[in-house]
Amino acid sequence: MSRAETAAAVRTPRPLWTFGLLRSELLTTFRRWRTLALLGVLAAVPVLVGIAVRIETGDGGSFGGPGGGGEAGGGGPAFISQVSNNGLFLVFTALAATLPFFLPMAVGVVAGDAIAGEAGAGTLRYLLVAPAGRTRLLLTKYAAVLAFCLAATLVVALSALAVGALLFPLGDLTTISGTRIGYAEGLGRALLIALTVAASLVGLAALGLFVSTLTGSGIAAMATTVGLLITVQILDQIPQLHAVQPYFFSHYWLSFADLMREPVYWDDLVRNLGLQALYAAVFGSAAWARFTAKDITA
Amino acid sequence: MAPYASDDSTTAAQAREPGTRRRRAARYAVPVAVTGVAAATIGLVPALADSGDPDLPDITAQQLIEKTVASDTQRLSGTVKISTDLGLPDLGGLAGGMAGGLASGSPGRGEGGSAADPSAKLTELVSGTHTLRVAVDGPDRQKLSVLENAAEYSLIRDGEDVWGYDSASNEVYHATVPRSADERTKEHRTVPATPRELAEEALKAVDDTTSVTVDGTAQVAGRDAYKLLIEPRQEGSTVGAISIAVDARTGVPLKFTLTPAGGGAAVVDAGFTQVSFAEPAASTFDFTPPEGAKITEADEAAGAPERAPGRAPESGKEPAGGPGGPTVVGEGWNAVAAFDTGGGGLPTGSAGGDLGGFLGSFGDRVKGDFGTGTVFTTRLVNALITEDGKVYAGAVTKEALVKAADAAR
């Protein structure tokens, strides 16, 4: 009788509990100085790019154009030649500049720290004392990491939008297919691109979470995740490996630029999202298998 | 009671131990299963989607060609994938870069050149795999886009205006053409890019040296199509077969494949991966140069002295200096173009120094009644450069090339 009552008492407030757990998890994540510093660095990238382009094109020329620098389109991240004509392009340039390294590195740090950091600080067992269950704790941790992916991407996009509006003219823009779209639609596409970039990090987040369940040291998990990221990025550049490259989580990252075509070219975008879902499923379930089965000693 | 209970639970825990461990290990089956399902899906879905050739009424080659020629499809849009493997070393970027460099007078891109110059840009299609987008609305409105990484090159014809727009460098090329259906943008399209153009080129060559048959059916871009197979009847050609998939309903060529006689992968494989015969959106063909873009007018560009539009380096070398244009030796598939450069031919290792040795290392030395020369081979086109400065080139084997040179002597 008393057992059943206890079980019922534990089970009734489940939705609220999950929400409370998630909220406390989000607060812990976003209150950390480390997280704030990472977001600060990310926000600084568009500022730097914007000022650099502004100085370079102070005489009214366009960046990367005549006399601007060598090969056509060879210099700098995608879209950079358009930034001086329309500030909205700074959003795309900044995302293209941060997606290969800065953004995933920040996500790798947060994801790697998720479980291993708690274990390293000796707080994991106290979290598990709460009647949430390991599966739910893991899901909450993953949700917090995903929230960080989105927040980090939006920080870059919003910072770029603000800097672009301050330093460069705004108005109708030309898609890379040569057609014109209005500023409102351009903003809509910028938002869509930011969401796509955030979704591109889902796979890496799951990978980082899995690594995080393997070790009790937060630093080791972060280093492993970021190391894996760099390794995969390098392998993705080796032409002899072209047969396996479509299965690297970073392979289709830059496909977000396809949203700027008219009509939008969906093939690679869909592949990217499918690949991220696959990584999330594989490494998410691997993290679950490991985390629910392991002995918590710290 | 308490000691018993404690003892009891301990034994129970010990008894549970192996079972628990097995259950824990079983959890790892989940990620393994997910991986397996994903791998199976990736492996099987293309195989399942390729669910055999469609069942279409029989048709003769003659009827099929007529259907193609009679096709009055004026509107279409779609995505084309084109792969070219000439067996050259990967010159894609190099050739494009050199052509671009020639066109602009590198390094500082002089007055005349533009990254948006169509002839320079389309040279890049000669090697590698590219994704193109095509939209056609009648004879006066066409658009061809080359999809690049986070950039795109668009060639738009809207009435009298032809615009080339290179989004990577934000440069615009502009030319005007007469508003007539005949002249088209042919001169601006040095590389036939759509399956239709490729097919038209191939069908021109049909005569008694050629066998043309209908080779079953296929699915291309989700549409039922007949396969037209064109094979040379003559010996000595490097062309193995040309296969053209023709849409059964509209008669529009959907896929073009050129396989070499020597076997292996197709030399040219161009086909729609997605096609629609609905009217493309009118905005597709509207083009206003974006702010700050550098615009090059075709007239200005033509006036610039150092411009050599779109010549790949090799072709620039051959015809330019030749007193007297090319003469054609042989007929049908074995036609060989002969040029007389009038010069001393290819510098050989001893005479030409480093450059000669370098070039010579790419080719084979051959001897014949014509003298000696060097044969440069690719998977499709072979060229013989003799020591007295004659150049023979064609889609024929090395032996046929030597024979043609002997015959010309």
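Naming convention: chains lettered A, B, ... in sequence-line order (proteins, then strands); numbering from 1 in each chain. As the structure is a computational prediction, the values presented were derived from the model and not from experiment.
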Exercise. Do the numbers put R157(B) on top of the ring of W163(B), so that NZ or CZ is under 6.0 Å from the six-membered ring centre and no more than 45° off the axis?
Worked result: no

For this session: Name the region of D172(A), side chain, backbone, both or neither, that has any atom closer than 4.5 Å to a heavy atom of chain B.
Result: backbone

Problem set entry | Atom pair CZ/OG of F287(B) and S177(A) - distance to nearest 0.5 Å | 10.5 Å

Problem set entry | Audit row: E297(B), H174(B), side chain to side chain donor-acceptor pair (under 3.5 Å) steps and yes/no | CA-CA 5 Å; E297(B) 292 287 337; H174(B) 181 233; 3.0 Å; yes

Seminar exercise, completed: Okay, Q274(B) and chain A: the region with an atom under 4.5 Å from a heavy atom over there is neither

Exercise. Where does S167(B) contact chain A at under 4.5 Å (heavy atoms): side chain, backbone, both or neither?
Worked result: both

Problem set entry | Distance-only side-chain donor-acceptor flag, D258(A) / S255(A), under 3.5 Å | no

Problem set entry | Largest heavy-atom contact set with chain A, pairs under 4.5 Å, which of A38(B), A151(B), S145(B) | A151(B)

Problem set entry | T273(B), part contacting chain A, at a heavy-atom distance under 4.5 Å | neither

Exercise. Measuring heavy-atom distances to chain A, does Y28(B) have an atom under 4.5 Å in its side chain, in its backbone, in both, or in neither?
Worked result: both

Problem set entry | Side chain, backbone, both or neither of P263(A) within contact of chain B (heavy atoms, under 4.5 Å) | both

Seminar exercise, completed: Given the options I193(A), N272(A), L195(A), F256(A) meets side-chain contact (heavy atoms from CB on, under 4.5 Å) only with I193(A)

Problem set entry | Interchain contact, T175(A) with chain B, by part (heavy-atom threshold 4.5 Å) | backbone

For this session: Examine whether an atom of Y265(A) lies under 4.5 Å from a heavy atom of chain B, and if so say whether it belongs to the side chain, the backbone or both; otherwise answer neither.
Result: both

Problem set entry | Toward chain A, the part of T284(B) with a non-hydrogen atom under 4.5 Å | backbone

For this session: Measure the spacing between CG of L209(A) and OG1 of T225(A) and express it to the nearest 0.5 Å.
Result: 9.5 Å

For this session: Between chain A and each of T288(B), T35(B), L147(B), count heavy-atom pairs under 4.5 Å; write down the option with the most.
Result: L147(B)

For this session: Please flag which part of S285(A) lies under 4.5 Å from any non-hydrogen atom of chain B: side chain, backbone, both or neither.
Result: both

